[in-house]
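Before any comments, here is the structure.
Note that this is a predicted model, so its numbers are computed, not measured. Residue numbers start from 1 in every chain, and the chains themselves are labelled A, B, ... in the order their sequence lines are given, proteins ahead of strands.
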Number of protein chains: 2
Amino acid sequence: MPTIKDVAERAGVSVTTVSRVLNNRGYISEATRKKVYQAMEELDYQPNEVARSLFRKKSNIIGLIVPTVAHPFFAELTAYLETYAYSRGYKVLICNSQLDASKEQEYIWMLRRNQVDGIIMASHTLEVEEYKKLDLPVVAFDRFISKRIPYVTSDNYQGGRLAVELLLERGCKQIAHMCGSLHLDMLANQRHRAFMDVAEERKVPYFTVETDINVFEVEKYEELLSDLLTEHPDIDGLFLNSDIMAIAAMKVCRKLGKRIPQDIKIIGYDDVSIASLVSPQITSIRQPLAEMSELSVRLIEALLEGKPVEVENCLPVQLMERETT
Amino acid sequence: MPTIKDVAERAGVSVTTVSRVLNNRGYISEATRKKVYQAMEELDYQPNEVARSLFRKKSNIIGLIVPTVAHPFFAELTAYLETYAYSRGYKVLICNSQLDASKEQEYIWMLRRNQVDGIIMASHTLEVEEYKKLDLPVVAFDRFISKRIPYVTSDNYQGGRLAVELLLERGCKQIAHMCGSLHLDMLANQRHRAFMDVAEERKVPYFTVETDINVFEVEKYEELLSDLLTEHPDIDGLFLNSDIMAIAAMKVCRKLGKRIPQDIKIIGYDDVSIASLVSPQITSIRQPLAEMSELSVRLIEALLEGKPVEVENCLPVQLMERETT
DNA sequence: ACCCATGTGTTAACCGGTTGACATATATTG
DNA sequence: CAATATATGTCAACCGGTTAACACATGGGT
């Protein structure tokens with residue numbers, strides 16, 4: 001691969017002059033500038049970002065840690081985030097933690113060794129101590145890590161409220177909420193808080209189903225839902241913590257002969273693309289992934305620039321009413 | 001961030017000795033080794049991979065270019081590939097080309113500047129010339145770029161055959177295939193070839209529907225399928241080039257009052273997770289994504305080591321028969 | 001005539017880590 | 001006693017690019 005020395009030789013100037021042209025610093029005549037650009041083109045030269053990173057102590061890389069990018073929510077998050085980050089001059093290293101604390105730790109160390117400019121953490125959090133050591137910008141996504149680490153989230157409580165209120169508005173008399181483990185201190189737990197609050201306000205009987213921490217065993221969703229609906233056949237409204245869970249619920253309802261939405265209404269969460277693709281189309285609480293992604297990257301940039309940032313960055317959700325209600 | 005000099009000072013040895021310990025080279029006594037490791041731990045030191053990459057001319061980074069990771073197929077591909085690559089000591093830079101040739105070119109340049117060890121290209125191909133210039137390992141995923149660039153694919157022809165033969169076995173009398181643009185020279189076109197071959201062998205009437213190059217406009221799928229099934233209501237078998245298309249087909253069939261699989265049978269492709277999640281579960285031709293991902297990474301490694309590799313790397317597909325047939 | 005701006009080159013140090021060559025000291029082996 | 005192995009340090013160069021300081025030449029303006 002050609003280096004700056006090769007370009008200097010080809011253009012008949014010094015390495016310093018080539019560097020001046022590359023960085024547009026100092027005095028440079030037009031003739032010299034043209035000569036240098038032409039030499040770069042003839043040699044098919046591109047500056048080595050590794051060398052530049054070493055010198056500038058800035059890699060322009062962001063590390064993104066997700067449970068698994070195979071999950072539609074994290075897939076769409078990654079797509080938005082990488083697209084925005086790239087438009088801001090950043091590259092994204094993708095890391096799948098599989099919600100394994102030791103893998104998460106390994107990835108954090110790897111990202112640190114690779115001098116990433118920042119980390120966006122969308123996975124299970126380690127002990128807070130690990131983050132204190134990091135000495136680089138971290139933004140938590142849909143998670144609260146510590147008072148010192150900014151996080152981007154959407155209004156989970158409002159999302160829960162909107163969902164339950166719609167169920168009640170549509171005439172549901174007995175409702176259930178399926179969510180992740182409430183023992184994990186997740187921001188999404190506020191959806192459940194809202195679910196209970198509204199149900200208790202309106203004196204509507206309700207049930208809660210928690211999945212295990214390994215939240216991506218879809219068969220488990222189906223099993224839990226099947227048990228729930230078998231034990232409580234009068235449940236006529238389901239609020240689920242993801243569209244994937246909602247799809248599982250739809251499947252279970254079909255098996256039990258319950259018509260959607262006539263016999264049972266279903267509301268999912270996230271509003272990933274698949275929600276409007278399946279039939280019936282899923283009513284979902286939409287998290288503004290594009291905006292959340294953009295905000296995450298901007299927070300990383302602000303932290304890099306030493307600017308003060310809000311720790312809590314909460315965006316509104318939106319009810320996308322479709323055919324399952 | 002602590003450097004090797006800080007470690008040397010803390011341990012009371014020279015920088016060279018620390019480097020010897022880090023790399024396990026030369027003579028090192030146990031006592032010295034322990035001192036150095038203890039100093040690293042006390043200082044929370046981790047070697048700077050940027051500096052190492054510069055010196056070794058090896059970044060241990062693989063660039064993965066996909067059309068969009070938001071698409072379930074590429075999401076699952078990315079998850080498998082990153083997981084395997086990481087287990088082999090590689091990091092993955094994710095790039096979403098949006099099937100835009102100029103973005104693809106930009107990403108290739110960016111990856112080159114960042115001294116990635118190799119590129120796995122799962123997006124729309126640029127002109128072959130661009131790859132000739134690259135001077136780094138490239139593996140094409142489900143694409144043929146040139147005789148010099150190895151590619152990983154699955155047996156598309158066999159996949160097409162399996163699909164059509166199952167439709168016919170299930171009694172279909174009139175079938176249709178929905179695929180991407182056949183003007184693009186894609187390996188997936190062999191599915192269509194097989195579709196036609198079998199239909200013609202068995203003298204079964206058939207139709208073909210091609211989508212535009214921008215293949216992810218799902219509404220377009222629905223529109224094309226709606227038109228097709230309205231114009232040809234006797235079609236009783238659909239073979240679609242992805243599970244996402246299959247889901248769109250299911251939706252259209254519901255709207256037209258066609259029962260699946262009683263009135264019309266549907267077969268998708270890829271066998272992404274969502275295929276078995278929806279109801280009815282989709283019969284799909286399964287591409288072995290885990291194996292294909294692993295093979296892609298191994299090919300990059302072989303190319304890096306200067307080992308000869310096969311240009312064509314074709315893995316078998318598998319018919320996953322479910323409820324839509 | 002002097003000062004300032006423009007333009008380019010030379011030199012050296014640096015970013016963090018690696019490594020070869022060689023020096024010095026000590027211990028072990030034949 | 002000599003040769004070899006072990007152990008550690010010193011020195012310098014390198015990976016590719018950046019940049020400051022200074023030198024030198026030329027031209028323009030006051």
Side-chain angles (χ1 to χ4, degrees), chain A residues 1-40 43-61 109-117 135-136, chain B residues 1-40 43-61 109-117 135-136:
Chain A
M1 265 251 295
T3 71
I4 197 169
K5 288 189 184 96
D6 302 312
V7 175
E9 260 186 61
R10 171 66 71 103
V13 298
S14 70
V15 164
T16 302
T17 296
V18 178
S19 186
R20 283 181 179 130
V21 173
L22 277 174
N23 298 288
N24 204 25
R25 296 170 69 95
Y27 297 109
I28 313 158
S29 72
E30 262 322 292
T32 295
R33 193 188 298 274
K34 277 183 175 178
K35 274 198 304 186
V36 170
Y37 276 122
Q38 178 156 341
M40 291 197 238
L43 293 169
D44 195 25
Y45 167 83
Q46 282 177 303
N48 181 324
E49 290 294 335
V50 174
R52 283 178 148 181
S53 294
L54 181 61
F55 175 77
R56 289 174 174 160
K57 297 178 185 251
K58 191 172 190 300
S59 63
N60 287 94
I61 296 181
W109 284 335
M110 177 276 279
L111 293 173
R112 186 166 178 255
R113 289 199 298 277
N114 285 271
Q115 310 295 304
V116 300
D117 289 1
D135 189 34
L136 82 153
Chain B
M1 258 242 308
T3 71
I4 196 169
K5 288 190 182 94
D6 302 312
V7 175
E9 260 186 64
R10 171 66 70 101
V13 298
S14 71
V15 163
T16 302
T17 295
V18 178
S19 186
R20 285 184 180 128
V21 171
L22 277 174
N23 297 289
N24 205 24
R25 293 170 68 96
Y27 297 109
I28 313 157
S29 72
E30 263 324 291
T32 295
R33 194 189 297 273
K34 277 183 174 176
K35 275 199 302 186
V36 169
Y37 276 120
Q38 178 156 340
M40 291 197 240
L43 292 169
D44 196 26
Y45 167 81
Q46 281 177 300
N48 182 324
E49 291 294 334
V50 174
R52 283 176 148 181
S53 294
L54 181 60
F55 175 77
R56 288 175 174 157
K57 297 180 185 249
K58 191 172 190 303
S59 62
N60 286 94
I61 296 181
W109 284 335
M110 178 275 280
L111 293 172
R112 186 167 179 253
R113 289 198 299 278
N114 284 270
Q115 310 296 303
V116 300
D117 289 1
D135 191 35
L136 81 154

Residues touching DNA chain D, which here means a heavy atom under 4.0 Å, drawn from residues 44-56 of chain B: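 By residue number: B:Leu54, B:Phe55.
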
Give, ordered by number, those residues of residues 21-35 of chain A having at least one heavy-atom distance below 4.0 Å to an atom of DNA chain D; if nothing qualifies, reply none. A:Leu22, A:Asn23, A:Arg25

How bent is the helix from C:dA1-D:dT30 to C:dG30-D:dC1, measuring the angle between the end axes built from five pairs each, rounded to 10°?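 Overall, the helix from C:dA1-D:dT30 to C:dG30-D:dC1 bends by 40° from one end axis to the other.
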
Between A:Asp44 and B:Arg112, does a side-chain contact (heavy atoms from CB on, under 4.5 Å) hold up when you go through it step by step? CA-CA 11 Å; A:Asp44 195 25; B:Arg112 186 167 179 253; 3.3 Å; yes

So if I define the base as every atom that isn't primed, P, OP1 or OP2, how would nucleotides 23-30 of chain C read as a B/S/- string at a heavy-atom cutoff under 4.0 Å? --------

Looking only at side-chain atoms of A:Thr16, point me to the closest of D:dT8, D:dC15, C:dT11.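 My answer, after comparing the listed nucleotides, is C:dT11.
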
So if I take every side-chain heavy atom of B:Thr17 and compare against D:dT10, D:dT8, C:dT18, which nucleotide ends up nearest?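 Nucleotide nearest to B:Thr17's side chain: D:dT8.
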
Quick one: CG on A:Leu136 to CG on A:Leu111, what's the gap to the nearest 0.5 Å?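 Reported to 0.5 Å precision, the distance equals 8.0 Å.
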
Rounded to the nearest 0.5 Å, what separates atom CG in A:Asn48 from atom CG in B:Leu54? 6.5 Å

Just the rounded figure in Å: distance from [atom2] of [N] to [atom1] of [X].
X: A:Lys5; N: D:dT18; atom1: NZ; atom2: P; result: 12 Å
X: A:Asn60; N: D:dG17; atom1: CG; atom2: P; result: 16 Å
X: B:Arg113; N: D:dC15; atom1: CZ; atom2: P; result: 22 Å
X: A:Arg20; N: D:dA21; atom1: CZ; atom2: P; result: 13 Å
X: B:Asp6; N: C:dC15; atom1: CG; atom2: P; result: 11 Å

Quick one: list whatever passes side chain to side chain contact (heavy atoms under 4.5 Å, CB included) with A:Arg20, sequence neighbours left out. A:Thr16, A:Thr17, A:Ile28

Inspect the surroundings of CD in B:Gln38 and state if more than 12 heavy atoms from other residues, nucleotides or ligands are less than 6.0 Å away.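 No - once you tally the heavy atoms of other residues, nucleotides and ligands closer than 6.0 Å, there are 12 at most.
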
By the 4.0 Å heavy-atom rule, please label B:Ser14 as base, sugar-phosphate, or nothing. base

Any side-chain heavy-atom pair from B:Leu22 and B:Tyr45 closer than 4.5 angstrom?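 B:Leu22 vs B:Tyr45: side chains touch.
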
Close side-chain approach of B:Met1 and A:Gln115, heavy atoms under 4.5 Å: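 A side-chain contact exists here, since the closest heavy-atom pair is under 4.5 Å.
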
Side-chain N or O of A:Ser19 versus OP1/OP2 of D:dT18: is the shortest distance under 4.0 Å?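 Yes, such a contact exists.
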
Phosphate contact (C:dG16 OP1 or OP2) by A:Lys57 side-chain N/O below 4.0 Å: yes

For [X], give me all partners under side chain to side chain donor-acceptor pair (under 3.5 Å), at least two apart in sequence or on another chain.
X: A:Ser53; answer: none
X: A:Asn24; answer: A:Arg33
X: A:Asp117; answer: A:Lys58, A:Ser59
X: B:Glu49; answer: B:Arg52

Donor-acceptor pairs under 3.5 Å, side chain of residues 4-13 of chain B to any protein atom, not counting sequence neighbours: which ones?
residue : atom : partner : partner atom : Å
B:Asp6  : OD2  : B:Thr3  : N            : 2.7
B:Asp6  : OD2  : B:Thr3  : OG1          : 3.4
B:Arg10 : NH1  : B:Glu42 : OE1          : 2.5

